[in-house]
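Labels below follow one simple rule: chain letters A, B, ... track the order of the sequence lines, proteins then strands, and each chain is numbered from 1. What's counted below: heavy atoms across the whole structure, side chains too, no hydrogens, waters or symmetry copies.
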Amino acid sequence: MPANSHSASPIRFTTVPSSLGVVLVACSARGIGAVLLGDERVELEQELVRRFPNAVRSDDPEIAALARRVVDVIESPSHGDDLPLDLQGTAFQREVWEALRAIPAGTTATYAEIAERLGRPAAVRAVGQACGANNVAVLVPCHRVVRGDGSLSGYRWGVERKRALLQRERTERAR
DNA sequence: TATTCCTGTCCTG
DNA sequence: CAGGACAGGAATA
């Protein structure tokens, strides 16, 4: 049991294919620290290492099982998730991400609504910033936040994926 | 329609 | 440390 001093505990990751492209799942001892979406495996690995320099690839079955569960949530949003998360961010960012998790699948909220929910109605723009800083795609549903005029605005992993996720969740909710 | 300002955070010089 | 850039939005002209 290596007692780690100030260098964070190792973060292990693996990648799996999905209908939305490659999914990279990384986790620490506390839980899932990152879920990245992209077109190419290498691209995602580079992005992860940029954010977590101490991340290492792992073929641990435990990680693989976790990754499979993440893909399940992606493919079938109504599946619900109780996966352990290890979110790192400022107090404000955590508040935002917490608020996002309260948005039911199949529905959306505006950046203004989130800001209001936090008691900071004027911090709308900061909310957008916090969403973009989120490392855990899908499980922290930043894709369910839209503009006041209904447009999808942006998405860190591509607006097309945002559109696909929302459409899928609406379909699941309808049945 | 075009500016301007607001808010929290990050990035860059 | 200062200034600019953002996945927004309301107010003003």
Side-chain angles (χ1 to χ4, degrees), chain A residues 6-9 11 13 15 18-28 30-40 42-55 70-71 73-75 77 81 83 85-173:
Chain A
H6 85 298
S7 96
S9 61
I11 295 173
F13 71 90
T15 52
S18 81
S19 61
L20 292 183
V22 181
V23 180
L24 184 154
V25 177
C27 62
S28 67
R30 288 181 49 89
I32 298 176
V35 174
L36 312 182
L37 306 177
D39 294 322
E40 297 186 27
V42 176
E43 160 204 348
L44 292 184
E45 289 185 10
Q46 290 174 344
E47 187 173 341
L48 181 73
V49 173
R50 201 188 323 136
R51 187 83 184 176
F52 302 97
N54 58 334
V70 171
V71 172
V73 177
I74 292 174
E75 307 297 353
D81 70 275
L83 300 173
L85 302 184
D86 181 11
L87 302 178
Q88 296 182 39
T90 65
F92 180 80
Q93 289 172 333
R94 285 167 176 273
E95 282 185 60
V96 172
W97 299 336
E98 198 66 33
L100 298 187
R101 300 205 70 187
I103 305 173
T107 68
T108 58
T110 64
Y111 293 94
E113 283 170 353
I114 298 299
E116 197 169 344
R117 201 166 298 172
L118 297 180
R120 299 238 148 36
V124 182
R125 193 160 195 182
V127 169
Q129 164 70 24
C131 290
N134 168 40
N135 289 313
V136 185
V138 187
L139 300 184
V140 175
C142 43
H143 59 277
R144 293 185 196 137
V145 190
V146 300
R147 240 183 183 170
D149 63 7
S151 64
L152 292 192
S153 190
Y155 190 54
R156 179 169 157 194
W157 293 285
V159 178
E160 282 313 306
R161 286 196 177 88
K162 185 171 183 173
R163 192 190 319 280
L165 280 167
L166 289 176
Q167 183 177 334
R168 187 169 300 178
E169 292 182 359
R170 278 195 299 270
T171 302
E172 288 259 339
R173 187 165 183 261

- prompt: Which pairs, with at least one residue in residues 85-116 of chain A and sequence neighbours excluded, count as a ring pair (Phe, Tyr, Trp, His ring centres under 6.0 Å)?
  reply: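 Those involving residues 85-116 of chain A do not exist here.
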statement: For A:Glu160, the side chain to side chain donor-acceptor pair (under 3.5 Å) test, sequence neighbours excluded, returns A:Arg163
field: Euclidean distance for P, B:dT1 against C:dA7 (whole angstrom)
entry: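 These two P atoms come out 22 Å apart once rounded.
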Which heavy atom of [X] sits nearest a heavy atom of [Y], and at what distance?
{"X": "A:Leu48", "Y": "A:Ala34", "answer": "CD1-CB, 3.8 Å"}
{"X": "A:Asp86", "Y": "A:Arg30", "answer": "OD1-NE, 3.6 Å"}
{"X": "A:Ala164", "Y": "A:Leu20", "answer": "CB-CD2, 3.8 Å"}

- request: Determine whether A:Arg117 and A:Ile114 make a side-chain contact, defined as any pair of heavy atoms from C-beta on separated by less than 4.5 Å.
  value: yes
message: I'd like to check A:Arg51 versus A:Ile11 (side-chain heavy atoms, cut-off strictly below 4.5 Å). Are they in contact?
response: no
Point-to-point distance, once rounded to the nearest 0.5 Å, from OG1 of A:Thr15 to CD of A:Glu43: 12.0 Å
More than 12 non-hydrogen atoms from neighbouring residues, nucleotides or ligands closer than 6.0 Å to [atom1] on [X], yes or no?
{"X": "A:Arg101", "atom1": "CZ", "result": "yes"}
{"X": "A:Glu116", "atom1": "CD", "result": "no"}
{"X": "A:Glu40", "atom1": "CD", "result": "no"}

message: Tell me which residues in residues 109-134 of chain A lie within less than 4.0 Å of DNA chain B, going by non-hydrogen atoms.
response: A:Arg120, A:Ala122, A:Ala123, A:Arg125, A:Ala126, A:Gln129
- line: Expected list for residues 87-98 of chain A near DNA chain B, using heavy atoms below 4.0 Å, is A:Thr90, A:Phe92, A:Gln93
message: Going by side-chain contact (heavy atoms from CB on, under 4.5 Å), name the residues that satisfy it together with A:Glu45, two or more places apart in sequence or in a different chain.
response: A:Phe13, A:Leu24, A:Arg41, A:Arg57
message: Taking side-chain contact (heavy atoms from CB on, under 4.5 Å) as the definition, give me every residue that meets it alongside A:Glu98, ordered by chain and number, with sequence neighbours left out.
response: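 Not a single residue meets the side-chain contact (heavy atoms from CB on, under 4.5 Å) criterion with A:Glu98.
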Donor-acceptor pairs under 3.5 angstrom involving side-chain atoms of residues 121-131 of chain A: please list them, not counting sequence neighbours.
none

Tabulate atom names and distances for all N/O pairs under 3.5 angstrom spanning the protein and nucleotides 11-13 of chain B.
none

message: Tell me which residues in residues 144-155 of chain A lie within less than 4.0 Å of DNA chain C, going by non-hydrogen atoms.
response: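 Result for residues 144-155 of chain A: A:Arg147, A:Gly148, A:Ser153, A:Gly154, sorted by number.
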field: Under the 3.5 Å Watson-Crick or G-U criterion, the dot-bracket string of DNA chain B, with | for inter-strand pairs
entry: ||||||.||||||
task: Walk along DNA chain C from 5' to 3' and tell me the first and last nucleotide with an atom closer than 4.0 Å to a non-hydrogen atom of chain A.
output: C:dC6 to C:dG9
Atom pairs and distances, side-chain donor-acceptor, residues 138-156 of chain A, under 3.5 Å, sequence neighbours left out:
| residue | atom | partner | partner atom | Å |
| --- | --- | --- | --- | --- |
| A:His143 | NE2 | A:Glu169 | OE2 | 2.8 |
| A:Arg144 | NE | A:Glu169 | OE1 | 2.8 |
| A:Arg144 | NE | A:Glu169 | OE2 | 3.4 |
| A:Arg144 | NH1 | A:Ile103 | O | 2.8 |
| A:Arg144 | NH2 | A:Glu169 | OE2 | 3.1 |
| A:Asp149 | OD1 | A:Ser151 | N | 3.0 |
| A:Asp149 | OD1 | A:Ser151 | OG | 2.8 |
| A:Arg156 | NH1 | A:Gly132 | O | 3.2 |
| A:Arg156 | NH1 | A:Asn134 | O | 2.5 |
| A:Arg156 | NH2 | A:Glu47 | OE2 | 3.4 |
| A:Arg156 | NH2 | A:Asn135 | OD1 | 3.4 |

- prompt: What's the verdict on side chain to side chain contact (heavy atoms under 4.5 Å, CB included) for A:Val23 and A:Leu36, showing C-alpha distance, side-chain angles and the deciding distance?
  reply: CA-CA 6 Å; A:Val23 180; A:Leu36 312 182; over 6 Å; no
- request: Start with the C-alpha distance between A:Glu75 and A:Arg168, add both sets of side-chain angles, then the distance that settles side chain to side chain contact (heavy atoms under 4.5 Å, CB included), and finish with yes or no.
  value: CA-CA 8 Å; A:Glu75 307 297 353; A:Arg168 187 169 300 178; 3.2 Å; yes
